[in-house]
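The chains referred to below are lettered A, B, ... by the order of the sequence lines, with proteins before strands, and numbering in each begins at 1.
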Amino acid sequence: MRLVTWNINSLRLRMDLLRRLVQAEQPDVVCLQEIKVQDSEFPMEDVQALGFPHVLRHGMKGYNGVAILSKLPFNARDPQDWCKKADSRHGVVVLGGDVELHNFYIPAGGDIPDPEKNVKFAHKLQFLDEMKDWFAGQNKTRNAIMVGDLNVAPLEHDVWSHKQLLKIVSHTPIEVEKLTAMQLAGQWQDPIRHFTPEPTKLYSWWSYRSPDWQKNDRGRRLDHVWTTPPMTSRVKSAKILREMRSWTQPSDHVAVVVDID
DNA sequence: ATGGTGGTCCTACCA
């Protein structure tokens, strides 16, 4: 099974890029974040014409929103209502009867890394705490996959400069600590880093604001694929599609692709 | 210390 995760930053604007990605990679399952479309406006016919008869979407007007597109049938589960906001940041399905697949869009958290001064940062920290509590209560021997834009680059070599980003939201110690606590609570493993260990730099996002992104390469790895132990050994390959950042009118994120037996 | 770009939807807000 080939699984792709991509923060598409508007599904309707980038339908052609999704088509290009699907033609190039032939995925069986595509998890999207920031689709920015409410369910009543979701381009269902276009998506199904790409070869995905099974579609889960949780959208809202203008912001956020996640979708799971699949060639395989699945059973949709009710997503959690994180932080008591119905803001379309989580979708979950069960594939093949026993593989739980979570698709997350964790809050970005604003610019100021202080929960007292910035409610968006407080929201992000609370979201991570609630995820930790939720996954701590889950069966660790289950087959599960978590993908998405987690909006945290946890490792030193997940950012272009560890030292220069310590006070930048997405790489501050408090976020890394909470993300890692959630990862441990759910026994989530990071197969992307099994295939490409540190100190090799790995990024999945480059800001729109750095014009010379290829030359300066000031990226961050915000997009992740995590697996529970029984799934990790089944992950056969992993790659990050850096070249997508050079496509015409790109998302600021590129896709992450894994092949799972 | 600052401003840089791009998304939605129509006025700012979010990334």
Side-chain angles (χ1 to χ4, degrees), chain A residues 5-21 31-43 46-47 57-67 82-83 85-91 103-115 117-128 147-154 158-161 163-172 175-176 179 203-224 240 242-256:
Chain A
T5 180
W6 185 30
N7 179 324
I8 193 171
N9 188 15
S10 174
L11 172 60
R12 287 174 294 180
L13 187 68
R14 277 182 256 284
M15 197 67 214
D16 288 340
L17 296 192
L18 177 61
R19 189 171 294 113
R20 184 171 168 182
L21 171 65
C31 294
L32 300 173
Q33 304 87 38
E34 281 204 272
I35 60 173
K36 295 186 176 178
V37 58
Q38 57 192 327
D39 293 351
S40 61
E41 308 289 323
F42 189 92
D46 289 344
V47 163
R57 73 258 200 279
H58 287 305
M60 60 187 286
K61 190 172 183 172
Y63 305 105
N64 310 334
V66 294
W82 307 95
C83 304
K85 294 170 187 276
D87 61 353
S88 305
R89 294 179 180 274
H90 180 214
N103 181 16
F104 274 99
Y105 174 51
I106 292 179
D111 288 330
I112 302 166
D114 180 344
K117 296 177 183 162
N118 173 5
V119 293
K120 287 186 273 188
F121 195 71
H123 178 211
K124 183 179 197 175
L125 298 184
Q126 186 189 343
F127 199 104
L128 289 166
V147 306
D149 177 2
L150 306 187
N151 263 317
V152 180
D158 290 341
V159 294
W160 63 276
S161 169
K163 193 178 169 191
Q164 284 177 262
L165 286 174
L166 279 170
K167 292 180 177 173
I168 303 297
V169 171
S170 74
H171 194 63
T172 64
E175 293 166 82
V176 171
L179 184 83
Y203 313 135
S204 64
W205 174 89
W206 293 261
S207 172
Y208 285 127
R209 296 179 193 178
S210 57
D212 237 339
W213 75 273
Q214 291 192 88
K215 184 174 131 239
N216 297 318
D217 201 18
R218 295 185 169 187
R220 306 177 201 169
R221 188 170 72 112
L222 305 179
D223 302 275
H224 299 273
I240 299 180
R242 180 186 172 100
E243 66 273 16
M244 289 179 69
R245 190 63 178 76
S246 303
W247 289 1
T248 302
Q249 199 172 34
S251 170
D252 44 355
H253 296 253
V254 301
V256 182

Notebook entry, point to check: Who are the side-chain hydrogen bond (donor to acceptor under 3.5 Å, both in side chains) partners of A/Arg89, not counting sequence neighbours?
Noted result: A/Asp87
Check: Does A/Gln38 use its side chain to pair, donor to acceptor, with the backbone of A/Lys61 at less than 3.5 Å?
Finding: no
Notebook entry, point to check: Which residues pass the side-chain hydrogen bond (donor to acceptor under 3.5 Å, both in side chains) test with A/His171, sequence neighbours left out?
Noted result: A/His162
Check: Toward the 5' end of DNA chain B, which comes first, A/Tyr63 or A/Met60, by nearest nucleotide?
Finding: A/Met60
Check: Taking only residues two or more places apart in sequence or in another chain, which ones pass salt bridge (charged side-chain N to carboxylate O under 4.0 Å, His left out) with A/Arg19?
Finding: A/Asp16
Next item on the list: Ignoring hydrogens and angles, state whether a donor on the side chain of A/Asn64 or A/Glu34 is under 3.5 Å from an acceptor on the partner side chain.
Entry: no
Note to self: Taking side-chain hydrogen bond (donor to acceptor under 3.5 Å, both in side chains) as the definition, give me every residue that meets it alongside A/Ser170, ordered by chain and number, with sequence neighbours left out.
What the structure shows: A/Arg220
Next item on the list: For B/dG7 versus B/dT11, give the span between their C1' atoms, rounded off to a whole number of Å.
Entry: 14 Å
Notebook entry, point to check: Roughly how far apart, to the nearest Å, are B/dG3 and B/dA15 at atom C1'?
Noted result: 16 Å
Item checked: Closest heavy-atom pair and its distance - A/Gly110, A/Lys120 -> N-CB, 4.0 Å
Note to self: With heavy atoms of chain A within less than 4.0 Å as the criterion, where does contact along DNA chain B begin and end?
What the structure shows: B/dG4 to B/dA15
Note to self: Taking side-chain hydrogen bond (donor to acceptor under 3.5 Å, both in side chains) as the definition, give me every residue that meets it alongside A/Ser204, ordered by chain and number, with sequence neighbours left out.
What the structure shows: A/Asp223
Note to self: What's the gap between B/dC9 and B/dC14 when it is taken at their C1' atoms, as a whole Å value?
What the structure shows: 12 Å
Notebook entry, point to check: 5'-most contact on DNA chain B: A/Gly62 or A/Glu34, nearest heavy atom basis?
Noted result: A/Gly62
Margin query: What's the gap between B/dA12 and B/dA1 when it is taken at their C1' atoms, as a whole Å value?
Written below: 25 Å
Check: Does A/Phe42 have A/Arg57 sitting over its ring (NZ/CZ under 6.0 Å from centre, angle to axis within 45°)?
Finding: yes
Notebook entry, point to check: Quick one: side chain to side chain contact (heavy atoms under 4.5 Å, CB included) partners of A/Ser210, sequence neighbours excluded?
Noted result: A/Ser207, A/Trp213
Margin query: Measuring from atom CD of A/Gln214 to atom CZ of A/Arg218, what distance do you get when rounded to the nearest 0.5 angstrom?
Written below: 15.5 Å
Next item on the list: Kindly write out the residues that satisfy ring pair (Phe, Tyr, Trp, His ring centres under 6.0 Å) with A/His90, not counting sequence neighbours, or none if the list is empty.
Entry: A/Trp82, A/His102, A/Phe104
Item checked: Strand-adjacent residues in residues 10-20 of chain A, judged by heavy atoms under 4.0 Å from DNA chain B -> A/Ser10, A/Arg12, A/Leu13, A/Arg14
Notebook entry, point to check: Got a sec? Which of residues 208-215 of chain A come in under 4.0 Å of DNA chain B, heavy atoms?
Noted result: A/Tyr208, A/Arg209
Check: Considering residues at least two apart in sequence or located in another chain, which fulfil the salt bridge (charged side-chain N to carboxylate O under 4.0 Å, His left out) criterion with A/Arg209?
Finding: none
Check: Want to know the stems of DNA chain B: at least 3 consecutive Watson-Crick or G-U pairs with distances under 3.5 Å, which are they?
Finding: B:5-8 with B:12-15
